[in-house]
Amino acid sequence: MRKIIITIDGFSSCGKSTLAQQLARKLNYVFIDSGAMYRAITLFFLRNHVDWNNSEEVVKALEQINLDFHYNLETGKSEMVMNGEDVEYLIRDMLVAEKVSEVAAVKEVREFAVKEQRKMGKKKGIVMDGRDIGTTVFPKAELKIFMVADPVIRVERRYREMLEKNPNVLLEEVKDNLQMRDYIDSNREFSPLRQAKDAFVLDNSKLTTEEQLKIALKLAKEKIATVEEAI
Ligand code: DC
């Protein structure tokens with residue numbers, strides 16, 4: 001069967017990763033969470049006191065970063081590994097969330113991440129989620145999904161997620177962080193968050209994860225069939 005590239009873009013906490021992961025499992029594709037890469041880079045910068053407004057420092061730091069995804073057989077999830085260290089848990093911290101949009105807006109950081117992401121898509125058969133995957137990373141992807149959800153629901157989702165890790169987290173804090181990231185992600189100079197013209201818009205405000213998977217799976221199967229026919 002011919003493999004395709006599926007991109008899932010949208011604002012934070014729209015459920016992109018959940019859908020991308022489930023879809024990849026169903027199709028036997030590789031799931032790539034591109035946001036995890038920006039988060040890992042942010043963690044490296046914070047730990048090593050890299051000033052991301054200084055391009056020379058940024059370039060030097062990026063040379064020392066090696067990013068990889070490891071599949072965890074126990075959890076069935078893929079985990080971010082930076083320079084041999086599993087950083088999956090650390091990159092979900094509020095400290096990283098507070099700075100990641102700033103770091104992801106840096107030109108050199110984006111060039112580095114996009115290059116890695118394109119390498120991962122060489123053999124196709126991937127589902128990658130992020131902000132610029134259907135517009136910049138894979139503008140010719142066979143299937144592009146743009147996810148949207150009611151902002152109130154997004155805040156609640158992220159709050160519940162953060163609460164599991166930190167019982168002291170405040171709803172207001174989570175709301176402010178999401179609003180700030182939405183603003184920076186959509187207004188930055190280099191590949192801002194945009195809906196690709198040929199993307200299918202999926203509003204999951206009122207959908208269960210099973211329902212959204214069913215819709216996406218149908219779209220994917222239709223696309224795969226079209227690609228097969230064209231051979
Ligand atoms: O999907 P996420 O919330 O884990 O992403 C973290 C941050 O990384 C997000 O605020 C914006 C940035 N990001 C990006 O700029 N481009 C991507 N393709 C993915 C994420």
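The analysis underlying the following values was restricted to heavy atoms, covering all of them including side chains, and did not include hydrogens, waters or symmetry mates. Whatever order the structure lists ligands and atoms in, that order sets their numbers, starting from 1. Here, residue 1 is the first one in the sequence, and each next residue gets the next number.
- With hydrophobic clusters built from ILVMFWY side chains whose heavy atoms lie under 4.5 angstrom apart, Phe69 does not share a cluster with Leu27.
- Taking a heavy-atom cut-off of under 4.0 Å, ligand 1 is surrounded by Ser34, Gly35, Tyr38, Arg39, Val100, Ser101, Ala104, Arg110, Gly130, Arg131, Asp132, Ile133, Arg158, Arg181, Asp185, Arg188.
- Under the 3.5 Å distance criterion, with hydrogens and angles disregarded, a donor-acceptor pair is assigned to the side chains of Ser191 and Arg110.
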Which side-chain N or O atoms in residues 137-152 pair as donor and acceptor under 3.5 Å with protein atoms at least two apart or in another chain?
unit_1	atom_1	unit_2	atom_2	d
Glu142	OE1	Ile5	N	2.8
Glu142	OE2	Lys124	NZ	2.4
Lys144	NZ	Gly134	O	3.0
Lys144	NZ	Pro139	O	2.6
Lys144	NZ	Asp198	OD1	3.1
Lys144	NZ	Asp198	OD2	3.3
Asp150	OD1	Val152	N	2.9

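- Glu111 is linked by a salt bridge (Lys or Arg N to Asp or Glu O under 4.0 Å) to Lys107, counting only residues two or more places apart in sequence or in another chain.
- The side-chain hydrogen bond (donor to acceptor under 3.5 Å, both in side chains) search around Arg188 returns none, not counting sequence neighbours.
- Glu63 and Lys60 are not joined by a salt bridge, as no carboxylate oxygen comes within less than 4.0 angstrom of a charged side-chain nitrogen.
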